[in-house]
Amino acid sequence: MTYLWLALAFIAAAAIAGALFARHGVRRGEAGKHWKAVGLAFTALAVLTAVFDSVMIGMELFHYDASHILGVKIGLAPIEDFAYPLAGVVALPGLWMWLTGKREGSGSRSSSSTLKGLVPQALLASRPVSWINTAYPFAAAMLLTTREIDWVLVVGTFYFLIPYNLAMYGINDVFDYESDLKNPRKGGIEGALLQPHLHRPMLWLAAITNVPFLVVLAFAGGPALWMSLAVSAFAVVAYSVAGLRFKERPVLDSLTSSTHFVSPAVVGLALAGASVTPGLLILLAAFFLWGMAAHAFGAVQDIEPDRQAGIGSIATVIGARRTVRLAVGLWLVAGLAMLATPWPGPLAAIIAIPYIVNCAPYWNVTDTTAARTNVAWRRFIWLNYGSGFLVTLIFILQWSFTS
Amino acid sequence: MGALYLVSLLLGITCMLLLDHRFRLFFWRDAKAAAIVTAVGVIFLLAWDLAGIGLGIFLRGEGTIATGLLLAPELPIEEPVFLIFLVLCTMVLYTGARRLLDRIPATRSEKQRERENV
């Protein structure tokens with residue numbers, strides 16, 4: 001009997017809510033039609049429930065404590081199970097009519113049309129050409145540790161491929177609107193201008209697409225994982241959100257940006273339960289320095305627009321020339337650090353060379369010629385693919401050594 | 001580890017969304033309202049599940065078509081996905097039924113008018 005009482009309690013709550021919603025939400029003269037549609041929908045749901053509940057119980061997906069149910073069954077489905085669709089169909093259409101009716105009445109019907117283009121805009125804003133930069137470190141770190149593909153790897157890789165970038169660049173573009181407007185470079189391969197009316201929906205989209213993944217991933221591990229997920233998510237938000245704006249704080253901007261790419265790898269390692277070795281730490285440190293250099297060099301081309309918009313960065317503060325030299329230095333140290341990792345890690349030291357060669361011509365760049373570094377930065381996007389290729393080869397080599 | 005149940009649910013959700021898209025019923029009519037209705041529905045039904053689990057009524061099966069992953073004791077990862085499907089199915093049926101009911105009197109009165117004109 002327990003299940004019956006439980007079901008009746010929830011049905012009562014749903015019925016009261018449904019009646020209230022319908023009273024306020026359904027226009028006069030349409031109440032008959034509303035409840036008729038509810039009846040039709042329940043008839044169909046009841047048939048579906050009888051069939052599929054029986055199938056699901058037959059497949060042993062779930063069962064019931066026999067002492068708690070009445071024992072009356074349709075097929076294999078206990079009669080109490082029909083309470084679920086009944087409660088849903090009694091309450092939810094009323095809520096729907098109330099919400100949509102209110103919307104139409106207040107004349108803000110246009111809200112759906114203003115949302116048009118949000119998803120394509122968000123995808124463009126998320127730099128699909130760079131998606132792999134965050135998904136790869138995660139997938140590689142996890143796969144090399146666990147050596148198997150499980151659901152956590154699939155879910156995590158998808159998360160760091162799309163939703164993560166959606167949040168990172170979406171939030172960034174919302175809070176960067178001012179300076180982007182003055183920057184002709186934005187709007188194509190390197191990011192899109194985001195219309196102001198899409199700002200709020202974009203932030204919602206970022207939250208909705210990220211939070212469920214973070215929660216699901218958090219379930220798959222312990223404190224070390226929670227810490228790395230928290231750092232990762234914080235870096236994504238803190239980089240550009242108003243009030244924190246880490247991207248405008250010299251040095252902290254490069255540190256945060258590098259965290260965007262290294263933290264997925266750390267999350268992957270935490271999910272896989274990797275053991276912390278000196279070699280692994282050196283590898284992560286080298287990766288981190290590489291990321292800092294990439295960010296610092298990328299900031300050089302934006303010196304002018306950033307200054308005009310009153311935005312600070314490592315490059316606007318220490319100047320174009322010193323930033324370029326710092327970046328080259330960081331790549332050099334990253335390459336040298338790889339020499340200290342266990343074989344075949346030292347092979348990865350070679351990867352630093354193309355970056356240094358690509359940027360060294362700007363060794364004597366000035367703030368006025370800083371925009372020219374965009375040429376090198378464009379090559380840089382493709383250079384990353386080449387590096388990814390080399391890194392993959394080294395990983396395969398490492399895999400074959402350790403198996 | 002079987003994914004058949006989870007995949008079936010996701011396919012079911014996809015089909016509901018295709019119907020929604022084709023006939024502009026729910027999310028494609030008012031995305032914000034639809035999102036609220038879905039969230040409220042899923043949370044309500046999930047609370048019901050948890051109450052049932054707490055009272056010892058609902059027991060997870062050992063079916064081979066389920067992943068076996070649990071969000072909480074006796075609460076498999078498939079359950080919230082199923083609830084999303086149930087809410088979508090309910091709302092597509094309701095909004096679809098409303099669409100049909102709106103049409104019937106219209107065609108009837110049109111026919112009447114046609115007859116009067118003859």
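Letters A, B, ... mirror the listed sequences (proteins, then strands); counts begin at 1.
- Residues W98(A) and H24(A) have side chains that never bring a donor and an acceptor to within less than 3.5 angstrom of each other.
- Partners of F42(A) under the ring-ring contact (aromatic ring centres under 6.0 Å, His included) rule, at least two apart in sequence or in another chain, do not exist in this structure.
- Looking at Y84(A), the atoms closer than 4.5 Å to chain B (heavy atoms on both sides) sit in the backbone and in the side chain alike.
- Checking side-chain atoms of E80(A) against main-chain N and O of L70(A) turns up a donor-acceptor pair under 3.5 Å.
- Using a cut-off of 4.0 Å between Lys/Arg side-chain N and Asp/Glu carboxylate O, E30(A) and K36(A) are scored as not salt-bridged.
- Ranked by heavy-atom pairs under 4.5 Å with chain B, the first of P93(A), A41(A), G88(A) is P93(A).
- With a 4.5 angstrom heavy-atom cutoff, A91(A) does not touch chain B via any of its atoms.
- For a residue to count as touching a neighbouring chain, one of its non-hydrogen atoms must lie under 4.5 Å from one of that chain's; by this rule L92(A) touches chain B with backbone and side chain alike.
- Heavy-atom distances place the side chain of F82(B), and not its backbone, under 4.5 Å from chain A.
- In summary, of the residues considered (L166(A), N210(A), L198(A)), a side-chain contact (heavy atoms from CB on, under 4.5 Å) with L205(A) occurs for L166(A) alone.
- Listed here is the closest heavy atom pair of I57(A) and D81(A): CD1-OD2, 4.4 Å.
- With a 4.5 angstrom heavy-atom cutoff, T95(B) touches chain A only via side-chain atoms.
- Looking at A66(A), neither its backbone nor its side chain comes within 4.5 Å of chain B, counting heavy atoms on both sides.
- Chosen from W204(A), Y64(A), W96(A), F62(A), the residue pairing most often with chain B at heavy-atom distances under 4.5 Å is W96(A).
- Both the backbone and the side chain of A34(B) come within less than 4.5 Å of a heavy atom in chain A.
- The contact between Y5(B) and chain A is made entirely by side chain atoms (from C-beta outward), counting heavy-atom distances below 4.5 Å.
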